[in-house]
Protein chains: 4
Amino acid sequence: MKSDKYHLIIEAAITVFAKQGYYQTTVAQIAREAGVADGTIYLYFKNKEDILLQIFSFRAKQIFDRFYEAVAEAELSEEKLRSLIRSHLEAFQQDRGLAVVFQSESRQVRKSDALTEQINQISKQYRNLIGEIVEKGQDEGFMRKDLYLGLVKRFVLGAVEEVINTWVLAGGRYDLVSMADPLVDLCMRGIGTGKKST
Amino acid sequence: MKSDKYHLIIEAAITVFAKQGYYQTTVAQIAREAGVADGTIYLYFKNKEDILLQIFSFRAKQIFDRFYEAVAEAELSEEKLRSLIRSHLEAFQQDRGLAVVFQSESRQVRKSDALTEQINQISKQYRNLIGEIVEKGQDEGFMRKDLYLGLVKRFVLGAVEEVINTWVLAGGRYDLVSMADPLVDLCMRGIGTGKKST
Amino acid sequence: MKSDKYHLIIEAAITVFAKQGYYQTTVAQIAREAGVADGTIYLYFKNKEDILLQIFSFRAKQIFDRFYEAVAEAELSEEKLRSLIRSHLEAFQQDRGLAVVFQSESRQVRKSDALTEQINQISKQYRNLIGEIVEKGQDEGFMRKDLYLGLVKRFVLGAVEEVINTWVLAGGRYDLVSMADPLVDLCMRGIGTGKKST
Amino acid sequence: MKSDKYHLIIEAAITVFAKQGYYQTTVAQIAREAGVADGTIYLYFKNKEDILLQIFSFRAKQIFDRFYEAVAEAELSEEKLRSLIRSHLEAFQQDRGLAVVFQSESRQVRKSDALTEQINQISKQYRNLIGEIVEKGQDEGFMRKDLYLGLVKRFVLGAVEEVINTWVLAGGRYDLVSMADPLVDLCMRGIGTGKKST
DNA sequence: TATGAATGAGTATTCATTCAT
DNA sequence: CATGAATGAATACTCATTCAT
């Protein structure tokens, strides 16, 4: 089990990264926000970038576990998609800081291979999850088979991300989760066969 | 007419920003890439950030003019949407560097109000363009009227952006423009009424 | 109590400013002279100008306290003037570097309001001290009453400063304090009534 | 005869140096003030410092010629001293910018030997002029013979300079020349024998 | 002569990282 | 484990000077 301070620093970093962006944030600011000394950070993290890396890997893992659960609980493909999107929006609505960091930092080109890889892996996992759902939908006859799967994955992911992004830029002032159903509806019309699941 | 050096520097900056990101890029690197002295940059730009600002405002204008033309040339709403998306993909395919900069830097949280505003304005214009097309489509009976317009705009924009983003991350190794038709098809199924335009 | 390093840097700065002048001195030179890293300076001073400001305010205070003491210890006005001038010359003779900095930097036109104000305030205090002595001298009948006080203050201050200045330019090679008595004599003839105090 | 532009630049430099000080002034500012191109300055001056050097040597010469004239026109030593001081104050009152530059830049420590020498030479000449007057006064019996001549020179020079300096700092808002008589009176009491010249 | 665009050396300042306590 | 003072490499920006026109 990770120490108390570790989580303290992670949370502080998310807060400050969300407000100012990674490069605009100093390690000293994170330390102050976390209420620890500058040097203490280096007891838990290799360097500044490692903090961001851990945010992506540690927190992403937490969140993805919820996604998998949500998808597993649903039966049919459409409901799985709905569950996925809803829990995605829920997770980000619950932690807007994290949402901001994900949205704004994941697109940044970076030198560190470790970080790039981490981010790419997360995206890939997410797309794979969508891919599995769509394939299941195709098997069930709820989703069109004449679709380039790679495009469909991005189509769904892009739509969800843009909805989140708009919400983030709007300052998180409205209910993000309420966008889930209309969004799924749009997606299903795009990729679905029209066959009803009930 | 802007001076020769101005464009030289803009192009150099796009190249280097695309490769390393804004914060990882030094002014000296831009100067070297442009083949000018460090100080020369400050004859044409107020500071480093101003270069990015100019890229967004100057180059975005160029590109947006093409978008408006493309949309204007088409007759029916679906064709307008197809034109818009195709010219979007074309523009970014032709200048991958610019695409990378747009995709990765536009999401960054930043202090400068000027830059944030510039970026927000571009996004808004784009969404408005989509909005107009959809409204026209609703009038023509090609697009559903039971849609929350704000969501539709983001839905389309998000899908396009994610397609570009994936292409960017893949190193631009395949034909981006060929994604236009399937993408429009997906979007139209999502937002269309099913009525055929021919 | 101020840290060790603070004084180390102040002394180093005085030395280097005295040798090369404020604008010709780099922060790196001060750091090297003080035996600290460049960055360390910014732990104790806001910026380069702040060092000069602190020299004026911190060291001036030290010295002025001595002046007030010296003046207070003397009884009659002429002796007070003699004490003031002697301790002034003594102080500057003891720290020629400081003398040089005071003489050469205090006349410079500068943007910083804080610095200008600091310098003006010191000059004013000094002139006020002289003013008080002269007024006491007038009461005692040792000094002429037909004098424009503002002129007298400057007359005395100017004479003392020029004597110091010449000594500074001469490289501090002779005994500055020995000029005190003849200087006071000259001043007293100029402003005195001729009445003897003994 | 020096070209038009030469004087134009000299005057412009005096104006800007007076306002901002030598080190705070850029060559471009001088050029703008003079209404010439940056490069033009280097047709008339070797470098930035040369401008200041020329101000001291060219303008000082002009002024000193007036001083010598004024001193020559007077008969007796006291009147010579009065003439000198009055023309000094007059000259500076007429060109406050020049006064500021003289007062503030002449004390600065500088690397350039040429400039330091120029400034020292001017001061020396001035002190010599005073010296000659005092010696004449001693011959005539108007001035005390028990004075260390080096001190007397500085005594007078210092008093005059401080009076000018105060006027400069006050923004030149009062009549400087009117200080001449009281100032001479003070000096004469200090150094004179009391014998009346009429 | 005159120009002003271009140069690039020079510098104040920041900040990730270390390490003695 | 925890601290935070100290470090010094890194970098945006300025400006005196040059030179092709």
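Letters go in sequence order (proteins before strands), and every chain restarts at 1.
Taking a pair as Watson-Crick or G-U wobble with both distances under 3.5 Å, the runs of three or more consecutive pairs in DNA chain F are E:2-21 with F:2-21.
A cation-pi arrangement is absent between A:Lys61 and A:Phe56 under the rule of less than 6.0 angstrom and at most 45 degrees off the ring axis.
Each of C:Val101, C:Ile55, C:Leu52, C:Leu115 was scored for a side-chain contact (heavy atoms from CB on, under 4.5 Å) with C:Tyr22, with one residue passing: C:Leu52.
The stretch residues 8-16 of chain C has no heavy atom under 4.0 angstrom from DNA chain E at all.
At whole-Å resolution of the value, CG in C:Leu43 and P in F:dT7 are 9 Å apart.
Qualifying side chain to side chain donor-acceptor pair (under 3.5 Å) partners for B:Glu117, counting only residues two or more places apart in sequence or in other chains: none. When the side chain to side chain contact (heavy atoms under 4.5 Å, CB included) test is applied to A:Ala37, the partners found at least two apart in sequence or on another chain are A:Thr40. Take B:Arg59 and apply the side chain to side chain donor-acceptor pair (under 3.5 Å) test, not counting sequence neighbours, and it matches B:Glu11, B:Gln62, B:Asp95. With sequence neighbours left out, B:Tyr42 forms a side chain to side chain donor-acceptor pair (under 3.5 Å) with no residue at all. Residues meeting the side chain to side chain donor-acceptor pair (under 3.5 Å) test with C:Tyr44, sequence neighbours left out: C:Ser3. By the side chain to side chain contact (heavy atoms under 4.5 Å, CB included) test, A:Asp50 is found to be paired with A:Phe45, A:Lys46, A:Asn47, A:Leu53, A:Gln54, residues two or more places apart in sequence or in another chain being considered. With sequence neighbours left out, the side chain to side chain contact (heavy atoms under 4.5 Å, CB included) criterion links B:Asn120 to A:Leu169, B:Thr116. Applying the side chain to side chain contact (heavy atoms under 4.5 Å, CB included) rule to C:Thr25 yields the partners C:Val16, C:Phe17, C:Gln20, C:Gln29, C:Ile30; only residues at least two apart in sequence or on another chain are considered.
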Listed pairs, N/O of protein and of nucleotides 10-14 of chain F, under 3.5 Å:
unit_1, atom_1, unit_2, atom_2, d
F:dA12, OP2, B:Val27, N, 2.9
F:dC13, OP2, B:Tyr42, OH, 3.0
F:dC13, OP2, B:Lys48, N, 3.0

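Nucleotides of DNA chain E that come within less than 4.0 Å of any heavy atom of chain C span, from the 5' end to the 3' end, E:dT11 to E:dT14.
Between C:Ile10 and C:Ile14, some side-chain heavy-atom pair lies under the 4.5 Å cut-off. Looking only at side-chain heavy atoms (C-beta outward), B:Arg107 and B:Phe102 stay at 4.5 Å or farther from each other.
As judged by a 4.0 angstrom heavy-atom cut-off over every strand, C:Tyr44 is placed among residues touching the sugar-phosphate backbone only.
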